[in-house]
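Chain naming here is simple, since letters A, B, ... match the order of the sequence lines and numbering starts at 1 in each.
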Amino acid sequence: MSERPAPAVTVSELPSHPGVEVTVKGWLYNKRTGGKVRFLILRDGSGYVQCVLSKAEVPEAAWNAAAEVTQESTIEVRGVVRLEPRAAGGVELSVLDFRILDACKDFPITPKEHGTDFLLSQRHLWLRSARQVAILKIRSEVESAIHDFFYKRGYTRVDSPILTPNACEGTSNLFETEYTEEEKAYLSQSGQLYLEPAAAALGKVYCFGPTFRAEKSKTRRHLREFWMVEPEVAFLEIEGLMDLAEEFIKELTVRVLDRRAEDLKRLERDLTKLETVAQKPFPRIPYREAVEILQKKGFPVSFGDDFGGDEETALAEDFDTPVMVTRYPVSIKAFYMQPDPADPEVVLGLDMLAPEGYGEIIGGSQRIHDHDLLLSRIKQHNLPIEAFQWYLDVRKYGTFPHSGFGMGLERFTAWMCGVPHLRECIPYPRMLYRIYP
RNA sequence: UCCGCAGUAGCUCAAUGGUAGAGCAACCGGCUGUUAACCGGUAGGUUGUAGGUUCGAGUCCUACCUGCGGAGCCA
């Protein structure tokens, strides 16, 4: 490169430096070569810029390097920023000098179609592609928005343990690991039970971290390791919980629309579908009504049946916002959910179903706060009372009504992005029979 | 775990039971503005594995392996 100094900038900063000579470092995304003019598309993580080399205006070494450079080679470009309507993004670099920092040979992922098996085995390299970059940026935006949402409202983040001594809810399969020679430990499948005592200490709390489910699920809506955010609030009851969940989803959606519109466009997401979400109230349908709706649609369901994916989609398809289904039968929900005093066959719980077939993004409930009722539920579910003694203590020492929900980060992100499969919404997906890379 | 589908060049896919092919990537050459650029050329193969049927198997049969889609479960 020339000895002339030029400020180093990122691609995202280029539009604010028109006419200025700058240096950009990154990787070659694609190139198009001609006899007198050559185009190099540079990516640096912040964006993409087309670098234009004219044979007459660059050193011969730079001109030749532009012909040789291969996809994903590390490169350095010195050039003048020019506003150019012919270039994607509206800005390009008129190159003064160019050099290859490291020549990349045979990058496996070419700018053509690939199958998912191949791409997943190359996930560490797949991350570099434009679509994956956009999804990861949106995921990161959602994570920040989650923390901001709770911080603004006076919540304290309480990290729940990942190693736990037993099943939190006693139902799903857990990943088992050796804790000591005598004792097993299990990877957490929910922070909720640990958050309830924390709510007694801090009032409004939330946890946000990885969650593990060892079920042998093989669907687009499941991962074995995923991230879940779980608020838990003292003295909050079911109606307030529904308000919180709705406010939460709306705020996250608006945040993504405001700050990541460009990434959504790259994913060809229909923005109007997300804008609607922020503007309209979310319908709240009691389970008993939901059963009637499904029966009218021809589903053979009756009170006491749980809803599968098809039923969820059928319920959600009538609305262009998420819909909350509330007050499920006691028999199909977790042991800790508070029965409805007005209708003891159902619990004060909610599932929020996203539109466009994205399914359940939130599940939550008011928790049982009566010690003896919770104790009888633990017995009914054949759970070991000793293991839940500490959990019962929340009801023993100054009990209080409280509620919380869990939201799956990847499911929400998938819906925002309009991506059909969760595996693209986490950097390194862990799925049944796939843990590499 | 169950049901269904698939496995051919680095990648994406073709090939009636009868000589394994194309596009992209790679390599060589051409092109003054390209937008997954284009044009010409070169090279690239134990058709997932093992067995079977047949004069002859990528193709038909059996088993296994791997992956994909879905169910159950859930976020």
> Of the candidate nucleotides B/G69, B/A25, B/C74, which contains the atom at the shortest distance from the side chain of A/Asp306?
Replying inline: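 Of the candidates, B/C74 comes closest.
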Is any N or O donor-acceptor pair between the side chain of [X] and the base of [N] shorter than 3.5 Å?
{"X": "A/Glu92", "N": "B/G33", "answer": "yes"}
{"X": "A/Arg411", "N": "B/C74", "answer": "yes"}
{"X": "A/His222", "N": "B/C74", "answer": "yes"}
{"X": "A/Arg213", "N": "B/A75", "answer": "yes"}

Have a look at [X] and say if it touches a base, only the backbone sugar-phosphate, or nothing, with a 4.0 Å heavy-atom cut-off.
{"X": "A/Gln50", "value": "base"}
{"X": "A/Arg38", "value": "nothing"}
{"X": "A/Arg82", "value": "base"}
{"X": "A/Glu312", "value": "base"}
{"X": "A/Gly34", "value": "base"}

>> Just the rounded figure in Å: distance from P of B/G67 to CD1 of A/Ile435.
In response: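 Result: 13 Å.
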>> Just the rounded figure in Å: distance from C1' of B/C73 to OH of A/Tyr328.
In response: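 Distance check: A/Tyr328 OH to B/C73 C1' gives 14 Å.
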>> Contact list please: residues 223-232 of chain A against RNA chain B, heavy atoms, distance less than 4.0 Å, in numerical order.
In response: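 Listed by number, they are A/Leu223, A/Phe226, A/Met228.
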>> If I pick the P atom on B/U46 and the same atom on B/G56, what distance separates them, to the nearest angstrom?
In response: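 Approximately 23 Å lies between the P atom of B/G56 and that of B/U46.
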>> I'd like to know if A/Arg411 pairs up with A/Glu312 as an ion pair, taking the criterion as any Lys NZ or Arg NE/NH1/NH2 lying under 4.0 Å from an Asp or Glu carboxylate oxygen.
In response: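 Result for this pair is no, no salt bridge flagged.
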>> With a 4.0 Å cut-off on N to O distance, would you call A/Arg131 and A/Glu424 a salt bridge?
In response: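 Here A/Arg131 pairs with A/Glu424 in a salt bridge, since their nearest N and O are under 4.0 Å apart.
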>> Return whichever of A/Pro108 or A/His421 has its heavy-atom-nearest nucleotide of RNA chain B closer to the 5' end.
In response: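 Comparing both residues, the 5'-ward one is A/Pro108.
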> More 5' along RNA chain B: A/Thr110 or A/Ile362, using each one's nearest nucleotide?
Replying inline: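 Closest to the 5' end, via its nearest nucleotide, is A/Thr110.
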> How close do A/Trp63 and A/Lys36 get, heavy atom to heavy atom, and via which atoms?
Replying inline: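 Minimum heavy-atom contact is CH2-C, 3.3 Å.
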> Using a 3.5 Å cut-off on both pairing distances, which stems of three or more Watson-Crick or G-U pairs include RNA chain B?
Replying inline: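 Only these stems qualify: B:1-7 with B:65-71, B:10-13 with B:21-24, B:26-30 with B:38-42, B:48-52 with B:60-64.
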> Does the ring center of A/Phe388 lie less than 6.0 Å from the ring center of A/Phe335?
Replying inline: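 Close enough - the centres of the two rings lie under 6.0 Å apart.
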> So among A/His369, A/Lys204, A/Glu196, which one has a side-chain hydrogen bond (donor to acceptor under 3.5 Å, both in side chains) with A/His402?
Replying inline: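 Of all the options given, the one that passes is A/Glu196.
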>> Between A/Phe412 and A/Trp227, does the ring pair (Phe, Tyr, Trp, His ring centres under 6.0 Å) criterion hold? Intermediate values first, please.
In response: CA-CA 11 Å; A/Phe412 181 79; A/Trp227 282 61; over 10 Å; no
